[in-house]
Amino acid sequence: MTNSLRKRVLVTGGAGFLGSHLCEYLLHQGSDVLCVDNYFTGAKDNILHLLSDPHFELIRHDITFPLYVEVDEIYNLACPASPIHYQFDPVQTTKTSVHGAINMLGLAKRVKAKILQASTSEVYGDPELHPQPEGYWGHVNPIGPRSCYDEGKRCAETLFYDYYRQHGLRIKVARIFNTFGPRMHPNDGRVVSNFIVQALKGAPITLYGDGSQTRSFCYVSELIDGFVRLMESPDDFVGPVNLGNPGEFTIRQLAEKVIELTGSGSSLVLQPLPTDDPRQRCPDITLAKEKLGWEPTVSLEEGLLQTIAYFKQRV
Ligand code: NAD
Ligand code: UDP
């Protein structure tokens with residue numbers, strides 16, 4: 001830090017769903033926040049309400065190119081997260097994960113900043129072990145349509161650990177499981193936003209496969225709390241640590257819950273299951289509980305009600 005007592009925090013992907021909530025949280029905590037985004041999937045609308053805060057700065061920048069700024073902490077979130085969006089330009093997705101990580105790690109090394117990587121449960125692929133603990137190495141197809149994201153994120157983790165071992169960087173790696181809440185884009189393509197938007201419009205709910213695949217859904221405010229706890233944890237705890245809600249639901253159960261909570265008359269329509277769609281996913285959060293004192297308490301229903309209220313204003 002320089003002469004100010006405020007921490008200077010860089011959030012890449014700060015105009016996205018999770019990034020915008022994180023910027024807001026950090027500003028409330030009293031940090032100076034620098035938000036970097038190329039608006040590929042994020043939007044200025046997500047952070048418009050922060051622009052009048054003198055402690056908030058915004059830079060349009062693609063992290064596959066180097067960035068020179070002075071900061072104390074970096075949260076590296078930049079990367080499309082929805083399968084539809086990350087498969088739209090798969091080469092750019094890998095570049096964002098890998099070149100982006102190299103650029104942000106290089107920056108962290110130069111300015112001696114602490115750096116947190118937003119990794120993903122996708123590093124476990126279509127898991128053979130259930131629930132997934134951090135020690136599980138995963139079951140990932142290296143050449144499929146999801147590989148640009150899964151392998152990009154795995155390579156980013158490798159880079160983080162090599163900078164840690166080789167250069168003594170202070171790193172933190174969070175493996176995020178499906179997270180949802182207000183500010184997901186209505187056309188984001190991920191399951192929670194798709195189902196809510198379809199239900200509110202009275203359109204058919206698109207169930208991929210037979211809907212028996214499972215996911216575990218974490219409400220956004222709890223995930224952000226987990227991020228900040230991890231960043232503030234002692235330097236000798238680097239992770240990787242699972243952050244997610246261990247409540248596990250089939251996608252069909254999610255669809256039925258959304259219909260019930262919206263009071264929608266929508267019907268379910270079956271569509272083909274995308275290639276390599278993981279059959280089941282549920283985090284083992286023993287490590288997060290022990291090291292961060294972190295455990296989600298917002299139920300799926302509570303989180304859905306908040307998210308439905310948000311989308312009602314927009315669709
Ligand atoms: P999002 O798509 O809403 O946000 C990603 C942001 O990164 C967007 O604002 C986008 O414009 C920006 N971005 C993309 N490429 C960029 C680039 N090259 N340079 C600068 N900015 C770029 O997704 P999200 O849900 O907020 O996810 C944020 C991070 O968390 C991602 O890294 C994602 O992989 C990770 N994650 C999210 C979830 C989840 O369920 N939300 C789960 C696992 C991991
Ligand atoms: N899904 C679905 N209908 C949709 C969108 C997604 O049935 O309209 C399914 C998808 O096949 C997957 C699960 O919901 O099994 C979660 O998909 P999402 O894209 O949200 O994230 P993923 O966890 O697969 O990365």
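From a predicted model like this one, the values you see are computed outputs, not experimental measurements. What you see below is based on every heavy atom in this structure, not just the backbone, and it leaves out hydrogens, waters and symmetry mates. Just so you know, ligand 1 is whichever comes first in the structure, and atom 1 is the first atom listed for that ligand.
- Here is the list of ligand 2 atoms found below 4.0 Å of a heavy atom in L207: 7 (O).
- Those atoms of ligand 2 that come under 4.0 Å of a heavy atom in N194, given as number and element, are 4 (C), 5 (C), 8 (O).
- With hydrogens left out, the protein atom closest to atom 18 (N) of ligand 1 is D62 OD1, 2.9 Å, a heavy atom.
- Closest heavy-atom contact between I251 and F217: CD1-CZ, 4.1 Å.
- Among protein heavy atoms, the minimum distance from atom 40 (O) of ligand 1 is reached at T179 N, 2.8 Å.
- Near N178, meaning under 4.0 Å from one of its heavy atoms, ligand 2 places the atoms 21 (O), 22 (P), 23 (O).
- Within the listing of ligand 2, atoms 10 (C), 11 (O), 12 (C), 15 (O) sit less than 4.0 angstrom from a heavy atom of D277.
- Ligand 2 has no N or O atom lying under 3.5 Å from any N or O atom of Q198, backbone or side chain.
- Every atom of ligand 1 is numbered from 1 in the order shown, and the set under 4.0 Å from a heavy atom of G42 is 8 (C), 9 (O), 10 (C), 11 (O).
- A donor and an acceptor atom, one from each side chain of K291 and S233, are nowhere located under 3.5 Å apart.
- Atom 33 (C) of ligand 1 has Y149 OH, 3.5 Å as its closest protein atom, hydrogens excluded (heavy atom only).
- Taking 4.0 Å as the cut-off between side-chain N and carboxylate O, E122 and R146 count as a salt-bridged pair.
- Contact between S119 and E157 at its shortest, heavy atoms only, is OG-OE2, 2.6 Å.
- Close N/O approach between V191 and ligand 2 is found [any backbone or side-chain N/O within under 3.5 Å].
- H130 and Q132 share a side-chain donor-acceptor pair at under 3.5 Å.
- Each of the following atoms of ligand 2 lies closer than 4.0 Å to a heavy atom of R146: 22 (P), 24 (O), 25 (O).
- Between K7 and E73 there is a salt bridge, since a side-chain N of the basic residue sits under 4.0 Å from a carboxylate O of the acidic one.
- The NE2 atom of H49 lies 9.0 Å from the SG atom of C23; values are rounded to the nearest 0.5 Å.
- Of all atoms in ligand 2, listed by their number and element, those nearer than 4.0 Å to a heavy atom of R281 are 22 (P), 23 (O).
- Every atom of ligand 1 with a heavy atom of Q92 under 4.0 Å away is listed here by number and element: 18 (N).
- Judged by distance alone, the side chains of D126 and H139 never bring a donor and an acceptor atom under 3.5 Å apart.
- At the shortest separation from atom 16 (C) of ligand 1 among protein heavy atoms lies N38 OD1, 3.2 Å.
- For atom 41 (N) of ligand 1, the closest non-hydrogen atom on the protein side is R190 NH1, 3.0 Å.
- Considering only non-hydrogen protein atoms, atom 9 (O) of ligand 1 sits nearest to D37 OD2, 2.5 Å.
- Ligand 2 has no nitrogen or oxygen under 3.5 angstrom from a nitrogen or oxygen of Y86.
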